[in-house]
Amino acid sequence: MSVYSKEELFEAKRQIDSTIHKLTETLKTLEPKENPDRYNSQVTLAKRRIVAFEIAVNLLEKELKEIYDEK
């Protein structure tokens with residue numbers, strides 16, 4: 001049994017998906033800039049955050065699947 005409601009999990013996933021989208025757009029802006037070495041730390045941080053958020057989305061999806069399988 002989940003500690004969170006189905007609605008809370010869906011909203012969390014929606015918010016994380018939105019953040020992943022924004023980070024991806026940030027990468028598209030930073031990577032082609034002149035003097036890319038200047039932005040290495042921001043690019044690295046954005047990429048690491050995207051991976052972390054993708055893991056969170058996968059875990060949320062597993063939790064949601066369990067909720068639906070219980071019914």
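All figures in this text were calculated on a predicted structure; none of them were measured in a lab.
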Residue pairs passing the side-chain hydrogen bond (donor to acceptor under 3.5 Å, both in side chains) test with at least one member in residues 18-27, sequence neighbours excluded, are Glu25-Lys28
Check: Glu63 and Leu60 side chains under 4.5 Å, non-hydrogen atoms: no
Got a second to check how far Ile20's CD1 is from Ile50's CD1, nearest 0.5 Å? 7.5 Å
Share the residues that join Ile55 in a hydrophobic cluster, the rule being Ile, Leu, Val, Met, Phe, Trp or Tyr side chains under 4.5 Å apart at the heavy-atom level. Val51, Leu59
Spacing of CG belonging to Leu27 relative to OH belonging to Tyr39, to within rounding of 0.5 Å: 14.0 Å
Atom pair NZ/CD1 of Lys62 and Ile67 - distance to nearest 0.5 Å: 14.5 Å
With sequence neighbours left out, the residues meeting salt bridge (charged side-chain N to carboxylate O under 4.0 Å, His left out) with Arg49 are none
For Gln42, the side chain to side chain donor-acceptor pair (under 3.5 Å) test, sequence neighbours excluded, returns none
Give the cluster check for Val57 versus Phe10: same hydrophobic cluster or not, with ILVMFWY residues linked at side-chain heavy-atom distances below 4.5 Å. yes
Could you tell me whether Glu31 and Lys47 make a salt bridge, using a distance below 4.0 angstrom between a side-chain N and a carboxylate O? yes
Across all chains, not counting sequence neighbours, the side-chain contact (heavy atoms from CB on, under 4.5 Å) partners of Lys65 are Asp69
Holding to side chain to side chain donor-acceptor pair (under 3.5 Å), I want the full list of residues that pass it with Glu8, two or more places apart in sequence or in another chain. Ser5
